[in-house]
Enquirer: 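Quick one: the structure is below, questions incoming.
In what follows, chains carry the letters A, B, and so on, assigned in the order in which the sequence lines appear, proteins first and then strands, with residues in each chain numbered from 1.
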Amino acid sequence: MKVLERDFYARDPKTVAKQLLNKVILHGECAARLVEVEAYCGAIDPGSHAFRGKTPRNATMFGPAGGLYVYFTYGMHWCANAVCGDVDEGVAVLLRAAEPLLGLDSMRERRGRAALRDRDLCSGPAKLCQALALDRAFDGSDLVTGDRGVVIVDDGVRPPRRPGNSVRIGLRAGAEHPWRWFVDGSEHVSNLKLRPASRRPASS
DNA sequence: ACCGGGATGTTCT
DNA sequence: GAACATCCCGGTG
């Protein structure tokens, strides 16, 4: 069990994205294994918040690698990214979905419904933030030092040898870039209706 | 199962 | 005014 160091993040976001699969994000009593991520590539990427330069909202993206960029969207949702690359580069990886491991009762309570299946707790970027209690207060925190209690660790489970890959979800600008990766076959990935229906009986 | 639309507010044109 | 890195509910088949 090892906290990811700054060098892990200080690389190309597409590389970091694939390497983040199967890592574990920790916050308080909660833990979840990342199963879906997207790379956002700054000045060359029309889909990135950083494409048009630094603003108060996206300032964290231009900070040091290992920062946590949390932003508000659609009037009610939070989404979290791990900042990558070099300072002022504006590149990051969106944490899109995770498999809940610990603290499922807390997650279910924050997600608002008692009868949610495990796979509904963190299967989307805003669900993940809600389940893990990430909001504006965590924007600009440091995943390396864990200054506000959030870290990402390697528990020995390696990234998939061949991850699933697709275009990113929910974008207009930059929609052509295939910069989404996921753990193929995981029931905890978002947007299951976009994938071939698995008719297998669910275990959770 | 699939689809359509509403919620809700910040940011940018 | 429109767009937005989303989610949930209720309709229909």
Enquirer: Contact class for A/G47 (heavy atom, under 4.0 Å): base, sugar-phosphate, or nothing?
Expert: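 Base, at least one base atom sits under 4.0 Å.
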Enquirer: Roughly how many Å is it from CZ in A/R111 to C1' in C/dT6, rounded to a whole number?
Expert: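 Checked: the CZ to C1' distance equals 11 Å.
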Enquirer: In whole angstrom, what separates A/H49's NE2 from C/dA3's C1'?
Expert: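 Nearest whole value for this atom pair: 11 Å.
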Enquirer: Which whole-number value in Å describes the distance from A/Y71 OH to C/dT6 C1'?
Expert: 9 Å
Enquirer: Quote, to the nearest angstrom, the P distance that separates C/dA5 from B/dC3.
Expert: 23 Å
Enquirer: Where each residue is assigned the nucleotide of DNA chain C containing its nearest heavy atom, which of A/A173 and A/A126 is assigned the position nearer the 5′ end?
Expert: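 On the 5' side of the pair lies A/A173.
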Enquirer: Does a salt bridge link A/D139 with A/R136, judged by any charged N lying under 4.0 Å from a carboxylate O?
Expert: no
Enquirer: For the pair A/Y69 and A/H49, name the ring-plane relationship: parallel under 30°, tilted 30 to 60°, perpendicular over 60°.
Expert: perpendicular
Enquirer: Could you list the residues that satisfy side chain to side chain donor-acceptor pair (under 3.5 Å) with A/S166, not counting sequence neighbours?
Expert: A/R180
Enquirer: Whole-Å distance between C/dT6 P and A/L128 CG?
Expert: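 In whole Å, C/dT6 P lies 13 Å from A/L128 CG.
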Enquirer: Please report the distance, rounded to the nearest Å, between CG in A/L121 and P in C/dC7.
Expert: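 Whole-Å distance recorded here is 13 Å.
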Enquirer: Would you call A/R6 and A/D142 a salt bridge, using N to O less than 4.0 angstrom?
Expert: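 Yes, A/R6 and A/D142 are salt-bridged.
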Enquirer: Under a 3.5 Å threshold, yes or no: a donor from one side chain and an acceptor from the other, between A/Q130 and A/R111?
Expert: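 Indeed, the side chains of A/Q130 and A/R111 share at least one donor-acceptor pair under 3.5 Å.
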Enquirer: First locate atom CG of A/L121, then atom CG of A/L128, and finally report the distance between them rounded to the nearest 0.5 Å.
Expert: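 Between A/L121 CG and A/L128 CG, I get 10.5 Å after rounding to 0.5 Å.
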Enquirer: Just to confirm, is there a sub-4.0 Å distance from OP1 or OP2 of C/dA5 to any side-chain nitrogen or oxygen of A/R172?
Expert: no
Enquirer: Pull out every stem in DNA chain C, meaning runs of 3 or more consecutive Watson-Crick or G-U wobble pairs with both distances under 3.5 Å.
Expert: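 Correct response: B:1-7 with C:6-12, B:9-12 with C:1-4.
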Enquirer: Could A/D118 and A/R108 be called an ion pair, given the rule that one side-chain N must be under 4.0 Å from one carboxylate O?
Expert: yes
Enquirer: Can a salt bridge be assigned to the pair A/D155 and A/K23 using a cut-off of 4.0 Å between side-chain N and carboxylate O?
Expert: no
Enquirer: Quick one: which protein N/O atoms are closer than 3.5 Å to N/O atoms of nucleotides 6-11 of chain B? Pair and distance per line, please.
Expert:
unit_1: B/dT8; atom_1: O2; unit_2: A/Y74; atom_2: O; d: 2.3

Enquirer: Give the rounded distance in Å between these two atoms: CG of A/D45 and P of C/dA5.
Expert: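 Those two atoms, CG and P, are 11 Å apart.
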Enquirer: Among A/S186, A/S123, A/S190, whose side chain to side chain donor-acceptor pair (under 3.5 Å) with A/E36 holds?
Expert: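 Exactly one option meets the side chain to side chain donor-acceptor pair (under 3.5 Å) with A/E36, and it is A/S190.
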Enquirer: At under 4.0 Å, does any side-chain N or O of A/R96 touch on OP1 or OP2 of C/dT6?
Expert: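 A/R96 to C/dT6 OP1/OP2: side-chain N or O found under 4.0 Å.
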Enquirer: Can you tell me how far C1' of C/dC7 sits from CZ of A/R117, to the nearest Å?
Expert: 14 Å
Enquirer: Round to the nearest Å and state the distance from A/L116 atom CG to C/dC9 atom P.
Expert: 9 Å
